[in-house]
Amino acid sequence: MKMKFQTIHLKRYKEIAALLWKYGRSDLVRQMGVDDLFDAREETKVEGPPPEQLADDLEAMGPTFIKIGQLLASRSDLLPEAYLKPLERLQDNVKPFSFEEVEQIILTELGARVSKAFSDFDPKPIAAASLGQVHYAALRDGRKVIVKIQRPEIRKQIAEDFEVLAQIAEFLDNHTEIGRRYRFLTVLDEFRMTIQQELNYEREAQNLATLGENLKEFEKIQVPQPVPDYTTRSVLTMDFIQGRKITALSPLTRLDLNGAPLADELFRAYLKQIMVDGMFHADPHPGNVFLTDDGHIALIDLGMVGHVAPTLQENLLKLLIAVSEGDNEQAASIIVGISRTDEDFNKEQFRRRISQIITSAQNQSLEQLNVGKSLLDMSKTAIDNGLFVPSELTLLGKTLLQLDEIGKIIDPQFDPYAAVRRNVPSLLAQRLKKHASQGTVVNSLLDFKNLFTHLPARLNGILDAVANAELEVKVKTVDTQLLVEGFQKVANRITAGVILGSLILGASLLMRIQTSFTIFGYPALAIICFLGAAAGGVWLLFSIFFQDEKIKKKKKM
């Protein structure tokens, strides 16, 4: 079956198909129904472009694909490792848009010209990304700020691109094995939600305020706060923090830096975000982490945040403890417990592979330790073995992977596994304190009151029912009708087999009785029974074969 594409999006379809074709997925292109758009000589192309070329190709396709490339840079469960490092350069170095467009956006969004809203505004951006760019500025009261401006028409362009991508992803999910395994539409929806959140600067301003409040106990961690009156959906104004990117630190600066306590506090702050607050800065790549002039760590760019439900928080905390302590059985059980299983799930192979990952991680040198990579490897293993892991696990692995990299820059001797074990007691205490609020305690007391108030009457009712033989147990099964139909089919086949066997046995006995009515010289009644049994046997075999093929086709759909 081939995919039908809309003429209005033909150009984008061709570009996406060309990219897949270029990187060796001509099988998918043919199923998309656009293989005839490419020159036949492309078929003979044996060696594809180097992994470094992918970043250039995505950049040429525009902001949507640049952003997708950034998101893919940390998804080792979706791309081979050779492609991940080259994609990291997409974090920076994107061509900026003109200052005239900046002035028009500020006038439209803030209702004032740049010269009126700010006492100083640098027309040259200090950074340009796929969704927007950043300028130095100063408010009328002299306060130094950073102004983030969204790219013109970016929402419309991203919406159109995702419409095309969604149609392709849905088709591949329904008609290809790789689509059924990786659920491209689900992954694409996650990317869409992430990008939509980043496009809403008012949401990012709220994220900055919330994270600043959550991390106020960490003296060495800073979060720039937004300026509400100068912030809209497309313009974000926040505090200016004087500092340098972590990656820009010279070797001499690193020698003078007391990195051990700084790395530990940063890691502890992230563990608190994930395991206690339930909201965390999900994009701590080195370009978003600054070392301030006074030796503190500043977290910027809160467009991408992760949210973790309380129940999942506890499981992720248990998983981190299991990984840090090398408990592969516990780690495998937790991943299975928080995931959905496919009918092809291979439990033994999955557990064996998880054991290999954790054992390998435990035997690595201090410079190679990376808890985030271990989590991403486990996520990929789970997918390969028929598990559908929650996206929060992959996002956590990606966040910790970037955090491990920053930790190694600040302190080359940083041990993330030891940091997990060291900070678990305080994390548990904070979780208990958070959930032991006055309202929670009152609700629990009321529940206990209701339990003990009604317990005697309920016990008497149960005992009376048992004494009078009135106790009934109702069992609710899933897909009862399907189960009954299955039993009926089995019973019908067994009954048909018994009847056919009886006909053959009866025919054998009748062959001994001589009658005047014969067929081919044999008693006619016996021959009729034999022929009936043969016809019934052929029908039964055909029915079984046809039904089994029908079931196989349903599984493949």
Side-chain angles (χ1 to χ4, degrees), residues 76-77 214 264 266-282 284 305-341 345 347-364 369-404 407 414-436 440 444:
S76 61
D77 56 324
N214 291 342
D264 185 70
L266 178 63
F267 200 81
R268 184 161 55 91
Y270 267 87
L271 289 177
K272 178 183 181 291
Q273 292 175 56
I274 297 164
M275 305 305 172
V276 180
D277 302 326
M279 188 199 88
F280 60 97
H281 181 208
V305 297
H307 296 276
V308 187
T311 304
L312 189 57
Q313 281 179 339
E314 295 178 4
N315 284 311
L316 292 178
L317 180 57
K318 291 177 184 176
L319 180 60
L320 282 177
I321 295 171
V323 172
S324 67
E325 294 182 347
D327 190 345
N328 52 280
E329 286 294 328
Q330 176 73 355
S333 298
I334 293 170
I335 294 175
V336 173
I338 64 177
S339 305
R340 291 192 300 109
T341 57
F345 174 51
K347 186 175 182 180
E348 292 306 317
Q349 182 175 327
F350 171 69
R351 288 184 176 275
R352 186 163 55 250
R353 181 65 186 123
I354 292 297
S355 177
Q356 292 171 353
I357 292 172
I358 293 181
T359 302
S360 175
Q362 294 294 318
N363 294 331
Q364 288 177 337
L369 284 179
N370 195 312
V371 64
K373 186 177 185 304
S374 297
L375 290 180
L376 286 175
D377 287 345
M378 288 190 286
S379 295
K380 188 176 187 303
T381 299
I383 293 172
D384 291 341
N385 285 276
L387 279 177
F388 299 120
V389 298
S391 59
E392 289 87 349
L393 178 59
T394 305
L395 187 59
L396 172 62
K398 170 250 182 188
T399 301
L400 293 179
L401 179 70
Q402 294 173 324
L403 198 62
D404 287 338
F414 178 68
D415 184 348
Y417 293 107
V420 170
R421 294 191 294 270
R422 184 168 57 250
N423 291 295
V424 160
S426 62
L427 286 172
L428 289 175
Q430 284 182 292
R431 277 189 60 81
L432 289 173
K433 183 178 179 181
K434 180 180 179 180
H435 292 287
T440 305
S444 298

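It should be emphasised that the depicted structure is a prediction, and the values quoted were computed from it without experimental measurement. Reckoned from all heavy atoms, side chains included, excluding hydrogens, waters and symmetry mates.
Between the CG atom of Leu396 and the CZ atom of Phe280 there is a distance of 6.0 Å, given to the nearest 0.5 Å. One finds the CG atom of Asn315 at 6.5 Å from the CD1 atom of Ile334 (value rounded to the nearest 0.5 Å). Rounded to the nearest 0.5 angstrom, Ile274 CD1 and Leu403 CG are separated by 8.0 Å. Asp415 contributes atom CG, which lies 6.5 Å from atom CZ of Arg421 (distance to the nearest 0.5 angstrom). Rounded to the nearest 0.5 angstrom, Lys347 NZ and Asn385 CG are separated by 13.0 Å. Between the CG atom of Leu387 and the NZ atom of Lys380 there is a distance of 13.5 Å, given to the nearest 0.5 Å.
Across every non-hydrogen atom of Gly407 and Phe414, the tightest pair is O-CB, 3.9 Å. Closest heavy-atom contact between Ala282 and Gly306: CB-N, 3.7 Å. Residue Pro416 comes nearest to Phe267 through the heavy atom pair O-CE2, 3.8 Å, listed as atom of the first residue, atom of the second, then distance. For the pair Gln313 and Gly278, the tightest heavy-atom approach, listed with the atom from each and the gap, is NE2-CA, 2.8 Å. Across every non-hydrogen atom of Met279 and His307, the tightest pair is CG-CE1, 3.5 Å.
Side chain of Ser333 to backbone of Glu329: a donor-acceptor contact under 3.5 angstrom is found. Thr381 places a side-chain N or O within donor-acceptor distance of the main-chain N or O of Asp377, the cut-off being under 3.5 Å. Judged by distance alone, with hydrogens and angles left aside, the side-chain atoms of Ser426 form a donor-acceptor pair with the main-chain N or O of Asn423 at under 3.5 Å. At least one donor-acceptor pair under 3.5 Å links the side chain of Ser324 to the backbone N or O of Ile321. Judged purely by atom type and a 3.5 angstrom limit, Lys398 has no side-chain atom pairing as donor or acceptor with the backbone of Leu376.
Residues Leu271 and Leu320 are in side-chain contact: their nearest non-hydrogen atoms beyond the backbone lie under 4.5 Å apart. Proximity of Ser374 to Ile358: side-chain heavy atoms (C-beta onward) are nowhere separated by under 4.5 Å. Within the 4.5 Å cutoff, no side-chain heavy atoms of Asp384 are placed close to those of Arg353. When side chains are defined from C-beta on, Leu375 counts as touching Leu319, because their heavy atoms get closer than 4.5 Å. Within the 4.5 Å cutoff, the side chain of Ile335 has heavy atoms near those of the Met378 side chain.
Residues meeting the salt bridge (charged side-chain N to carboxylate O under 4.0 Å, His left out) test with Lys318, sequence neighbours left out: none. Judged as a side-chain hydrogen bond (donor to acceptor under 3.5 Å, both in side chains), and not counting sequence neighbours, Glu325 has no contacts. In this structure Ala322 satisfies the side-chain contact (heavy atoms from CB on, under 4.5 Å) test together with Asp327, Gln330, Ala331, sequence neighbours excluded. Judged as a side-chain hydrogen bond (donor to acceptor under 3.5 Å, both in side chains), and not counting sequence neighbours, the contacts of Asp277 are Lys272. Listed by chain and residue number, nothing satisfies the side-chain hydrogen bond (donor to acceptor under 3.5 Å, both in side chains) test with Thr341 (two or more places apart in sequence, or in another chain). Contacts of Arg340 classified as salt bridge (charged side-chain N to carboxylate O under 4.0 Å, His left out), with partners at least two apart in sequence or in another chain: none.
Gln349 and Arg352 are not linked by any side-chain donor-acceptor pair at a separation below 3.5 angstrom, with hydrogens and angles left out of the test.
Salt-bridge annotation for Asp264 and Arg422: present, with a side-chain N of the basic residue lying under 4.0 Å from a carboxylate O of the acidic one.
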